[in-house]
Amino acid sequence: MAGRGAGQAGATTVLVDVSGSARVGRTAPAYAAALETYLDQAIGREDVVSIGSFDGSASTVRWALQDHLTKADANREENREKQRANYKECLKQAAVRAVSRPAQTDKSDIGGAINAAAADGPGTVVVATDGIGNTGCLSLASPSAGKSRWIDDLVDQCPGRDGWPSALAGKNLVMLGVGQPADGVPPPTTGSVEFLQRLWQRTCLAARARSCEISTAPVARGDGAAETARTDPPVTFVADDEPPPISPGPVFNLSSEELFDLDSADLRPGAEARLRALADDLRRRDPIAIHVAGHTDSRGSAAHNLGLSQRRAAGVRAVLTAAGLPHVTSAGAGEADPLCTTATLPNGQWNEPCLQRDRRVEITMKVKDGPA
């Protein structure tokens with residue numbers, strides 16, 4: 001994808017999972033229809049759009065459409081409306097072509113595909129997938145799949161390895177259909193679906209994406225499976241006795257470094273403008289409640305870190321409230337919810353790239369008709 005214009009902020013890349021678990025059987029998730037909302041949003045933003053499919057590795061990403069401009073530039077509004085209607089039909093047909101492609105392997109490397117799609121800097125990556133990968137560093141082919149502690153191990157060990165979506169840093173990730181395989185695959189239990197949502201949410205946050213929206217809502221059936229679809233090796237989930245809570249809606253992930261100086265809760269120059277821009281984005285989603293959570297790394301005392309995280313969260317809350325957002329609350333987690341579990345290297349030095357994941361402010365939201 002060299003030379004793509006998607007290095008700009010206004011770009012959307014759409015990926016469709018055509019691996020066996022998502023496609024085998026009489027009916028499969030109707031991804032093309034489910035993607036229409038996100039394609040309409042891309043047109044509304046006048047993004048550059050690319051649409052492709054994937055299965056067993058980053059190298060199996062195949063593009064049905066690349067670098068399609070959706071900026072309506074006609075002189076008259078009625079002609080711009082016609083342009084947008086043409087763009088919508090073009091993107092819809094590209095999504096149908098991507099969905100209809102058969103798998104090339106009997107595996108699914110979701111993380112590797114996301115990394116390939118994000119490599120050229122798209123602003124938003126939308127992935128239609130059941131979330132059940134069986135190769136790459138995020139493979140679920142493990143007897144521990146289903147345990148939240150195993151997710152922590154993956155997030156700690158995967159960065160830098162094949163299949164880790166490091167290119168997500170600073171971008172938006174949307175995943176739809178997670179935990180909803182084709183009818184030829186035994187459906188995961190409720191606990192397993194929650195595990196998949198947590199896996200991809202924690203992966204997205206640890207990769208330092210700007211926002212993470214992992215949807216486990218059912219996707220309508222009806223696309224039909226490709227005739228040559230391959231059957232993936234089955235994935236078995238084990239029960240988790242104490243699954244931790246999951247943020248049901250989108251999570252906006254702000255690095256503390258972009259907001260605050262070291263060990264300070266005072267917003268840096270430019271941080272308020274950044275937060276006001278984020279407030280505009282949140283407002284467009286029609287929220288009815290917003291929560292701001294501050295997080296720190298494990299250096300310093302637990303009491304100091306808790307207080308610092310509380311003050312930072314309160315500072316962000318104040319800006320969002322002043323921007324007119326409703327029902328904004330805040331709290332500090334301190335060092336209690338780490339994305340980095342290996343704070344020091346074997347030589348005793350601090351593992352700085354890992355600790356950076358913990359210094360963050362997470363913003364979650366509840367929207368009308370959304371999860372409770």
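Predicted model, so just to flag it, every value in this text is computed and none were measured.
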Might you confirm whether atom CG of Asp162 has over 12 heavy atoms from other residues, nucleotides or ligands at distances under 6.0 Å? no
Check whether any side-chain heavy atom of Leu35 sits under 4.5 Å from a side-chain heavy atom of Val16, and report yes or no. yes
Arg221 and Asp183 ion-paired at < 4.0 Å: no
Distance alone, cut at 3.5 Å: any donor-acceptor contact between the side chains of Asp73 and Gln83? yes
Leu259 vs Leu275 side-chain heavy atoms within contact, under 4.5 Å: yes
Could you check Leu138 against Trp164 for side chain to side chain contact (heavy atoms under 4.5 Å, CB included), going step by step and ending with a plain yes or no? CA-CA 7 Å; Leu138 294 168; Trp164 179 255; 4.3 Å; yes
Between Glu78 and Lys82, does any NZ, NE, NH1 or NH2 come within less than 4.0 Å of an OD or OE carboxylate oxygen? no
Assess the side chains of Ser144 and Arg149: does a donor N or O sit below 3.5 Å from an acceptor N or O? no
Only one of Asn253, Asn172, Asp281 passes side-chain hydrogen bond (donor to acceptor under 3.5 Å, both in side chains) with Ser211; say which it is. Asn172
Donor-acceptor under 3.5 Å (Arg357 side chain, Val155 main chain): yes
From CA spacing to verdict: side chain to side chain contact (heavy atoms under 4.5 Å, CB included), Thr12, Ile51: CA-CA 9 Å; Thr12 293; Ile51 301 174; over 6 Å; no
Under 3.5 Å, is there a donor-acceptor pair linking the side chains of Thr341 and Asp152? no
His295 and Asn305 side chains, donor-acceptor separation under 3.5 Å: no
Go through it in stages, so that I can follow the logic: the residues are Asn134 and Leu140, the test is side chain to side chain contact (heavy atoms under 4.5 Å, CB included), and I'd like the CA-CA distance, side-chain angles, deciding distance and then a yes or no. CA-CA 5 Å; Asn134 57 21; Leu140 297 175; over 6 Å; no
Donor-acceptor check, side chain of Ser100 to backbone of Arg97, threshold 3.5 angstrom: yes or no? yes
Find out whether Glu362 and His291 are in side-chain contact, i.e. whether some heavy atom of one side chain is under 4.5 Å from a heavy atom of the other. no
How about Asp130 and Ser21: does a side-chain donor come under 3.5 Å of a side-chain acceptor? yes
Can any side-chain N or O of Glu89 pair as donor or acceptor with the backbone N or O of Asn86 at less than 3.5 Å? no
Ser256-Arg359 side chain donor-acceptor pair, cut-off 3.5 Å: no
Common cluster, Val238/Ile132, ILVMFWY with side-chain heavy-atom separation under 4.5 Å: no
Can you see whether Thr105 engages Asp55 through a side-chain donor-acceptor pair at a distance of less than 3.5 angstrom? yes
Would you mind reporting whether Tyr38 and Val14 have side-chain heavy atoms less than 4.5 Å apart? no
If you measure only the distance, is there a donor-acceptor pair under 3.5 Å linking the side chains of Asp109 and Thr135? no
What I'd like to find out is whether the side chain of Leu278 reaches to under 4.5 Å of the side chain of Leu254, using heavy atoms alone. yes
For Tyr87 and His68: C-alpha separation, side-chain torsions, deciding distance, then whether side chain to side chain contact (heavy atoms under 4.5 Å, CB included) applies. CA-CA 9 Å; Tyr87 296 152; His68 187 81; 3.7 Å; yes
Looking at Ala74, is its backbone amide N or carbonyl O close enough to the side chain of Arg80 to form a donor-acceptor pair, meaning the two atoms are under 3.5 Å apart? yes
Is there side-chain contact between Thr13 and Val126, with at least one heavy-atom pair below 4.5 Å? no
Salt bridge present between Glu352 and Arg299 (N-O < 4.0 angstrom): yes
Report yes if some heavy atom in the side chain of Val127 is under 4.5 Å from a heavy atom in the side chain of Ile114; otherwise report no. yes
Before giving the answer on side-chain hydrogen bond (donor to acceptor under 3.5 Å, both in side chains), spell out for Thr70 and Arg84 the whole-Å C-alpha distance, their side-chain angles and the decisive distance to 0.1 Å. CA-CA 7 Å; Thr70 64; Arg84 286 188 279 267; over 6 Å; no
Can you give me every donor-acceptor pair (side chain of residues 195-202, partner residue at least two apart or in another chain, under 3.5 Å) with its distance?
from	atom 1	to	atom 2	distance (Å)
Gln197	NE2	Ile214	O	3.0
Trp200	NE1	Gly131	O	3.0
Gln201	NE2	Ser247	O	2.9
Arg202	NH1	Asp337	OD1	3.2
Arg202	NH1	Asp337	OD2	3.4
Arg202	NH2	Asp337	OD1	3.4
Arg202	NH2	Pro338	O	2.8

Please check this pair: side chain of Ser50 against backbone of Asp67, looking for a donor-acceptor N/O pair closer than 3.5 Å. yes
Mind checking whether Pro186 and Pro234 have side chains closer than 4.5 Å, heavy atoms only? no
